[in-house]
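Let me begin by presenting the structure, written as C-alpha cells, before commenting on it.
Computed from a predicted model, the values in this text were never measured in an experiment. To find a chain, count down the sequence lines: A is the first, B the second, and so on, and within it residues start at 1.
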Amino acid sequence: LLRVRQDTIEGIRVFRLEGALSALEAPTLKKDVRAVLGKAGTVVVLDLAEVEFVDSAGLGALVALHKSACEAGGELRVYRPRPNVLAVLELARIHRFLNVVHDGLRLEATEKT
Amino acid sequence: VTPGTTERIEISFPGHLRYLPAVREIVRQALAEEEGYGDVTPILLAVQEACVNAVRHGHGGDVRIPVELSLETFPDHLVLLVADRGPGFRLPGPERLSDPSRENGRGLAIIRAVMDEVEVERQDGRTVLRLVKRRAS
C-alpha cells in the first residue's frame, strides 16, 4: 500500500510516497504523476524517503515516468531512496538511467537552474 | 521459526495482488529471528516477484485458483516454493537486466540475481518455482 502526498515547492511538483511501490501500487502512481507531466519544463520529484519496498513493477513505473518526463521536455527526480531501495535500483541497473538525487542541497541547487 | 532448526510455513491465497503485502509480512516475520541472511529485502523481493508472476501468468486472471507458497528453513539454507496452475515459463538470463530503459520483464531476472538457486519444475499440473537462499556462515 502506498500513501501519496502532493506538494508544490517553488514550482516543483513533489510527490511524497510512503509504503510500498510494487505491482499493486504502480499503475495508480503512473496515472497520477503523468497527469502533471504534460507541460514542457515540468520538474517532478518523487520523494522515496518513506518507501520501504520496491519491486520490478515499481522499478518499471519509475523508468516509464522518467521516459514520459523526458519526452514531455520535463524532468523526473527520484529523491532520497533508502539504502535497501537504492540497492534494488542498482541490482536492476537503472540507478544511473534514472535521475537519483540523495540530498536537499542538490535538489535546491537544481531548482535554481 | 527457531533459528537454525527446520520449520515450515505454508500459505495459500487467492490469485490477487492485494494479498501480497500480507504474504511479504508473514515471510518477514518468519525470518525475523533468523541469522545469516542479512537484510531480508532481497528475499522479500524474490517472494514478491514469484507471487506476482504466479498471479499474472499462472491463473489466467481467475482469482479463485489459489497461489501456494511455502517457506522451509534449514540449518544452512532456506527453500521457498511458489506454485501456480499456469503452463509454466522459462527463466530469462542475466541479459534481461542489461537494458535500463525497459519498463517490464525484470521480475524473474531479479529473482535469479538475488537467490542462490532458482528452478522451475512441473508437478501434478502445477508450475513450481523453487528458490534457495544459503545462510552466510
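- Ring orientation note: the planes of B:His16 and B:Tyr19 are nearly perpendicular, at an angle over 60° on the 30°/60° scale.
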Practice problem: Kindly determine whether B:Gln48 and A:Phe53 satisfy side-chain contact (heavy atoms from CB on, under 4.5 Å), including the steps that lead there. | Solution: CA-CA 10 Å; B:Gln48 171 79 9; A:Phe53 183 80; 3.6 Å; yes

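- Of the possible donor and acceptor atoms, one in the side chain of B:Glu49 sits under 3.5 Å from a partner among the backbone N and O of A:Ser56.
- Between chain A and the residues B:Ser98, B:Ser101, B:Pro21, B:Pro42, the most heavy-atom pairs under 4.5 angstrom are made by B:Ser101.
- In this structure, B:Arg135 contributes its side chain and B:Pro75 its backbone to a donor-acceptor pair below 3.5 Å.
- For the options B:Asp39, B:Leu20, B:Val52, B:Thr41, heavy-atom pairs under 4.5 Å to chain A are most numerous at B:Thr41.
- For A:Val88, the part lying under 4.5 angstrom from a heavy atom of chain B is the side chain only.
- Residue B:Arg96: no heavy atom, backbone or side chain, is found under 4.5 Å from chain A.
- Rounding to the nearest 0.5 Å places CD of A:Glu25 at 5.5 Å from CG of A:Leu2.
- For the set B:Arg24, B:Arg18, B:Arg106, B:Arg102, the count of heavy-atom pairs under 4.5 angstrom toward chain A peaks at B:Arg24.
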